[in-house]
Amino acid sequence: MADRVHRITMFKLPDPASQQKLIQAYKTVDETNQKDGKPYILSLAVGPTEEDPRSQGYTVACKTEFATMQDMRYYDESCAAHQILKTTAKDLGVEGIMTVYFKPQVTGGASP
């Protein structure tokens, strides 16, 4: 897990119906992502954010994990499922997007 690339993308999308459409689009990404004929996204979690001032207006968050930086770059540049997601998002009234990614230097927690 420490070698994986963790990517977090957050969207400012005020309309709840549009939030659900974006979440549904991510479900399609999960079902259709392919690289070399097989799924390559190791983990995907997406949902609406909880109301909290610290959210700074971001209303949908997505966390993905990739085996390598090359896989994440493939996701950005070549993945057909992600390209469809980007096209869908453009039509939903997104007011802001922030993406960060990292390789963990510390992992822990109670779950195995």
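Worth saying up front: this structure is predicted, and the values here are computed from it rather than measured.
Partners of D15 under the salt bridge (charged side-chain N to carboxylate O under 4.0 Å, His left out) rule, at least two apart in sequence or in another chain, do not exist in this structure. D36 is linked by a side-chain hydrogen bond (donor to acceptor under 3.5 Å, both in side chains) to nothing, counting only residues two or more places apart in sequence or in another chain. Here K35 pairs with D71 under the salt bridge (charged side-chain N to carboxylate O under 4.0 Å, His left out) rule; sequence neighbours left out. Not counting sequence neighbours, the partners of T99 by the side-chain hydrogen bond (donor to acceptor under 3.5 Å, both in side chains) test are T9.
Atoms OG1 and CG, from T68 and L42 in turn, are 8.5 Å apart once rounded to the nearest 0.5 Å. Between atom CE of residue M69 and atom CZ of residue R4 there is a gap of 14.5 Å, rounded to the nearest 0.5 Å. Separating the NZ atom in K86 from the CD1 atom in I97 is a distance of 9.5 Å, to the nearest 0.5 Å. Note that OG of S43 and CZ of R7 are 13.5 Å apart. Values are rounded to the nearest 0.5 Å. Taking CD of E95 as the reference point, atom OG1 of T59 lies at 8.5 Å (rounded to 0.5 Å). How far CD of E65 is from NZ of K63: 3.5 Å, rounded to the nearest 0.5 Å.
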Applying side-chain contact (heavy atoms from CB on, under 4.5 Å), run through K103 and H6 and close with a yes or a no.
CA-CA 6 Å; K103 288 185 178 182; H6 296 249; over 6 Å; no
Test side-chain contact (heavy atoms from CB on, under 4.5 Å) on L92 and F11; report intermediate values, then the result.
CA-CA 11 Å; L92 294 178; F11 299 85; over 6 Å; no
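Judged as a ring pair (Phe, Tyr, Trp, His ring centres under 6.0 Å), the pairs with a partner in residues 44-76 (not counting sequence neighbours) are, in order, Y40-Y74, F66-Y75, Y75-H82. Applying the side-chain hydrogen bond (donor to acceptor under 3.5 Å, both in side chains) definition to pairs two or more places apart or across chains, none involves residues 20-34.
Put simply, the side chain of T88 gets close to the backbone of I84: a donor and an acceptor are under 3.5 Å apart. Of the possible donor and acceptor atoms, one in the side chain of Q19 sits under 3.5 Å from a partner among the backbone N and O of L13. Judged by distance alone, with hydrogens and angles left aside, the side-chain atoms of T87 form a donor-acceptor pair with the main-chain N or O of Q83 at under 3.5 Å.
Screening T64, V46, L85 for a side-chain contact (heavy atoms from CB on, under 4.5 Å) with V29, the sole residue that qualifies is L85.
V100 is connected to M10 through a chain of hydrophobic side-chain contacts under 4.5 Å among Ile, Leu, Val, Met, Phe, Trp and Tyr, so both are in one cluster.
Of all the heavy atoms in L44 and C62, the pair that sits closest is CG-SG, 4.4 Å. When all heavy atoms are compared, the tightest approach of P14 to G93 is CD-O, 4.3 Å.
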